[in-house]
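Quick note on labels: first sequence line is chain A, next is B, and so on, each numbered from 1.
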There are 2 protein chains.
Amino acid sequence: MSDSTHLTREKSSISYTYDNLAGWRRLRPLHPFRGMYHDVRRRLPYYWSDIRDALTYRTISSTIRMYFVNILPAIAYTLDMYRRTGEFFGINEALFSSAMAAVIFSVFAAQPLTVVGITGLISLFNYTIYDIVTRYEPAIYPSFMCWTAIWAAIFHWIVAVCNLCDYMRYVTDFSSEAFGAYVGIIYCIKGVEELINEFTKSGATAGFMSCMIAILYFLTIYGLEWLGSSTVCRPWFRGLLADYAYVIGTIFWVGFAHIPGPLKSTHISFVPISRAFFPTQPRGWLIHFWELDVKWLFAALPFGFLVMLLFYYDHNVSSLTAQARQFPLKKPAGFHWDFFLLGCTTFLAGITGIPMPNGLVPQAPVHTDSLTIYETDLHIVSTEDGEGAEIRRPITKATAVVEQRVSHFLMGLAIIGTMTGPLLIVLHTMPSAVFAGVFFIVGWGSIEGNGILHKVIFLLRENRFIQRGEPMLQVRRRKIALYIACQVISVAATVAISQTIAAIGFPILIIALIPFRAWIIPKWFNQDELDILDDLTANNSAVLASLGGQPRFPGQVVEEHYGLERRYTEQRRGSIRQRVGSISR
Amino acid sequence: MSDSTHLTREKSSISYTYDNLAGWRRLRPLHPFRGMYHDVRRRLPYYWSDIRDALTYRTISSTIRMYFVNILPAIAYTLDMYRRTGEFFGINEALFSSAMAAVIFSVFAAQPLTVVGITGLISLFNYTIYDIVTRYEPAIYPSFMCWTAIWAAIFHWIVAVCNLCDYMRYVTDFSSEAFGAYVGIIYCIKGVEELINEFTKSGATAGFMSCMIAILYFLTIYGLEWLGSSTVCRPWFRGLLADYAYVIGTIFWVGFAHIPGPLKSTHISFVPISRAFFPTQPRGWLIHFWELDVKWLFAALPFGFLVMLLFYYDHNVSSLTAQARQFPLKKPAGFHWDFFLLGCTTFLAGITGIPMPNGLVPQAPVHTDSLTIYETDLHIVSTEDGEGAEIRRPITKATAVVEQRVSHFLMGLAIIGTMTGPLLIVLHTMPSAVFAGVFFIVGWGSIEGNGILHKVIFLLRENRFIQRGEPMLQVRRRKIALYIACQVISVAATVAISQTIAAIGFPILIIALIPFRAWIIPKWFNQDELDILDDLTANNSAVLASLGGQPRFPGQVVEEHYGLERRYTEQRRGSIRQRVGSISR
């Protein structure tokens, strides 16, 4: 985008900014509701087009793809949560939560592209709280979780009202890559745990069979997505493979597990289901939160704060990546309003005793990807010698995004459909092993596409084979190593803490990366180096308009030119199709 | 190589040819011993250098690599043969056969690079004969096999004396690719059979665990070899990975199967061993072949002829691929002498009741590869626009081959060492699952690198992304499809016949491809098309000198320019490192 259109659009979006204010007026909490007001005012004019624009095939394929990509990991976490919270959170709770979030966000959100659902981190949160609470009083777990959610909702509303989402504009790849790697590792660990559980619960035969199915499921999806992004066959056929890789893989391997003979007679475990539309435990859908002791009520406050911290980062980053650089989005974002809405769903989740939904980090960009119209163009590099004096290269270009609310809404309806009796039985045919495979493919996607790994490979490669145009060549290798080391240490610390009872503290570590990047990193790296190594996670002005405009880092004198590395890669290969899990690049 | 040096070398090799003879003098059988005499005379002067040249590190790494690449599949087939020949052929027989072949061929062969050992096809042969013989008189199987071998040996000697190996110069990629694909498919089938056997013999738990190990073993070796041929890390480190992929993978997964817990307590099956240096069955090493009924003695004659046919193609093709185009070999070949020698080992194998060794088709080029000094050079393509005005590409060049006898000999000694009691016990720790993995990796290597698959992918690719220099673009797509169809039909027919009691007839089908290529194919394709689609399997003049010089196909008028496709690929990427199993390209 040229600078002039950039400016025009920023002005046209009713300039929500604090840059032109001075003194106490710059303090965001003193302008309550300002962000939310601007978010609604900016987005509302597009509401009708959000429905009208949906009349295209991409909406259908997106609905089907997102249904699988949303629900499979959600069920996978639920299997884990079910075991580790004394069977309090079951499949019905997970489906209810996903459906509620999908319907509310598709109808009311400023940015309907951000898919909201059950993440691995909330599952980690729920069972860590279970571990803590059951040390004292197991019976209060439902009410305690409810109050945690109520407090969290209150903090959400405070944050939204006080315009504090603005700080998300300082999120760069430094922290979002670290977060992506952390999520990917946690997912892979969960996959292994799922398989180990199969050994302890259903015996060695089921365990080994599950390992086999999980590995082959992973290879199937990986292979199909790889074929989908190759240059083999016609573009429409490749598109089908990429769109329906999960559908094909899941149907095949679920069927495989039911082939009569040694496969069928091995009693592997399947998704546990209970009576349709009823909570897993014998209780009503409303938690009797008013019956909780007052001391516990206040003990839930810090937990609520931590949930808010987690969602502040997790949801907003997922929203940022759903609207990331590589997508040619036209319609504006609304972070404050969406965070307020997230407070509402958190509240509803709390009082009904279902897992709290939030933005799905590795899957959020997949929704936008599934709605993006890609064209594989031919890029001919003329050469001076031989080879027919040219080299042909495929370049993938994202030409447009079908920005609408309908696919998200239909997905919500599909999840409600899944909650009915007959479809619950279909769900029951799915072996847990498939979900271990889902963990691996989603987790590995988040690691494989990660900028940290990209930089490590750069350092490992033999220098002479690196293209001379590669911007990282201008940074000293020691500096790149230091940069990676900062990220790797944070990832390692967060992964380590997640394995302990202190796991609920991990959002603090993650969020600490934003000020660390803003104040410490610039002391160690100069601006030229950061221009190459780092990049704003979202730099689309339609996105930044909701966050108070382009960020300005402390001590910054010259104008920044972030993303030299990305621009270089895009110039050579075009924009990169979003696999599930690839948080950036 | 320029035409002038080409001519000089051909003349210097004491011109063994029939091209300058006329009338009855052209009939090869009328010049008995002529080929063998020239073979010895040509190669003998290099004998001392074959030992002297071995004083280099490559000899050591080659010995270790070939020990694994030779012995693992040999044991794998033996597991199969052991079960299916009433436990007549066991590990001791397999080791004895491999060791004998290695010692004899490394000391006496004209071309010591051709590794000789136990192949999947002889295993197929042995158990098919067992199936046939046991229909009539199970007790005579040892003597019957012995007479089969004696007849085969006699036919070998006749072929060698009558100079009939000359016809091997007509072997082009048309038949050797089909053969490679056939061998690869048979290997993969064997891998599956090995796993199924684990289910029926040791139960479902062992079966699933074996599947898991086999898949992960495959992925380990594949990944290590892939890393070894990348541009990551230093060249010496990559070299280590490529050289010792089998060693690392095998040690790791054998150890894995012995980890205490669910792994160790699953009773998967291991390599069955018996008393060191003694035959598996209670018998002496000498088969009492003189005790066989005369009618059976003559019944063995056609089987012996089929063995000879199989070895004629299998051994000579393995020798051709061990000396294939991409290796810069300097020392001459000797097909007639080696085939005579193969008659001798066949005879010895027969009277001692061990499997008959012959050239290892997918593994033979690996020996030469392990002795080749590769350099990864930087190839800079200057471009006219952007990207730093150049594109950097790694090009692998084979600079020299350490042509010697010592690595082959040392490998033979290592196999003899394995026959001793303590090392047999080490062998007994290896799970059968690892061998299923060996089948998969060797088999897949033969399919992945196959020219048939390469052409299929070419047809599938979107035309606009194909480099304009690609020679196959000059051939009509219909013609390419017809060419592939001919190959695929032969492969399918041979695979199908291998699954029946008529399996022993498959060499006839394979050999029939040579005249088919010589007489039928030129009627359907013109010379320009064949120049692109086909290629001589060996075109090194040092090799062709032993076969009577450059071949001339019937009806050929113009000079052929085979291998346009290969030359194009080599120009772009350099010579391709030989994975186990990639028979060509």
Side-chain angles (χ1 to χ4, degrees), chain A residues 196 199-200 203-216 219 230-235 237-238 261-263 265-266 268 376-394 456-470 473 568 571-572, chain B residues 196 199-200 203-216 219 230-235 237-238 261-263 265-266 268 376-394 456-470 473 568 571-572:
Chain A
I196 290 174
F199 274 97
T200 51
T205 314
F208 286 123
M209 176 171 155
S210 298
C211 289
M212 187 185 78
I213 290 182
I215 296 167
L216 294 174
L219 293 176
S230 69
T231 57
V232 156
C233 298
R234 302 277 159 268
F237 183 76
R238 295 200 300 266
L263 291 164
S265 63
T266 302
I268 55 171
T376 312
D377 280 355
L378 177 61
H379 176 54
I380 297 182
V381 184
S382 304
T383 62
E384 280 159 8
D385 51 15
E387 306 197 33
E390 60 169 40
I391 292 174
R392 292 184 163 226
R393 265 205 201 130
V456 169
I457 291 171
F458 170 83
L459 286 183
L460 279 178
R461 284 189 72 193
E462 246 193 291
N463 188 296
R464 61 191 172 128
F465 295 120
I466 297 166
Q467 311 298 338
R468 291 304 99 177
E470 171 67 51
L473 282 174
Y568 169 72
Q571 185 209 330
R572 292 187 66 227
Chain B
I196 291 174
F199 274 95
T200 50
T205 315
F208 286 124
M209 176 170 156
S210 298
C211 290
M212 186 185 78
I213 291 182
I215 296 167
L216 294 173
L219 293 176
S230 70
T231 57
V232 154
C233 297
R234 303 276 158 271
F237 183 75
R238 295 200 299 266
L263 292 164
S265 63
T266 303
I268 55 173
T376 313
D377 280 354
L378 176 62
H379 176 54
I380 298 180
V381 183
S382 304
T383 63
E384 279 159 9
D385 50 16
E387 306 199 32
E390 59 169 40
I391 292 174
R392 294 186 161 224
R393 261 203 204 134
V456 169
I457 291 171
F458 170 83
L459 286 184
L460 279 179
R461 284 191 71 192
E462 245 193 291
N463 188 298
R464 61 191 172 128
F465 296 120
I466 297 167
Q467 310 299 336
R468 291 303 102 175
E470 173 67 52
L473 282 175
Y568 169 73
Q571 185 210 331
R572 293 188 64 225

Among B:I457, B:I466, B:I213, the residue with the most heavy-atom pairs under 4.5 Å to chain A is B:I466
Can you measure from CZ (A:R234) to CZ (B:R461) and round to the nearest 0.5 angstrom? 12.5 Å
Please flag which part of B:L459 lies under 4.5 Å from any non-hydrogen atom of chain A: side chain, backbone, both or neither. neither
Are A:L263 and B:F208 side-chain neighbours, meaning at least one heavy-atom pair lies under 4.5 Å? yes
Chain A heavy atoms under 4.5 Å from B:L219: which part of the residue, side chain, backbone, both or neither? side chain
Which one of A:T231, A:L460, A:V232 has the most heavy-atom pairs closer than 4.5 Å to chain B? A:T231
Which bit of B:I215 comes within less than 4.5 Å of chain A, counting heavy atoms only: side chain, backbone, both or neither? side chain
What pair of heavy atoms forms the shortest contact from A:R464 to B:R392, and how long is it? O-NH1, 2.8 Å
Segment of B:F465 engaging chain A (4.5 angstrom heavy-atom cut-off): both
Under the side chain to side chain donor-acceptor pair (under 3.5 Å) rule, collect the residues that match up with B:S230, sequence neighbours excluded. none
Residue list, side chain to side chain donor-acceptor pair (under 3.5 Å) with A:T266, at least two apart or on another chain: none
For the CG atom of A:N463 and the CZ atom of A:R468, what is their distance to the nearest 0.5 Å? 5.0 Å
If you count heavy-atom pairs within less than 4.5 Å of chain A, which of B:P262, B:P235, B:C233, B:C211 leads? B:C233
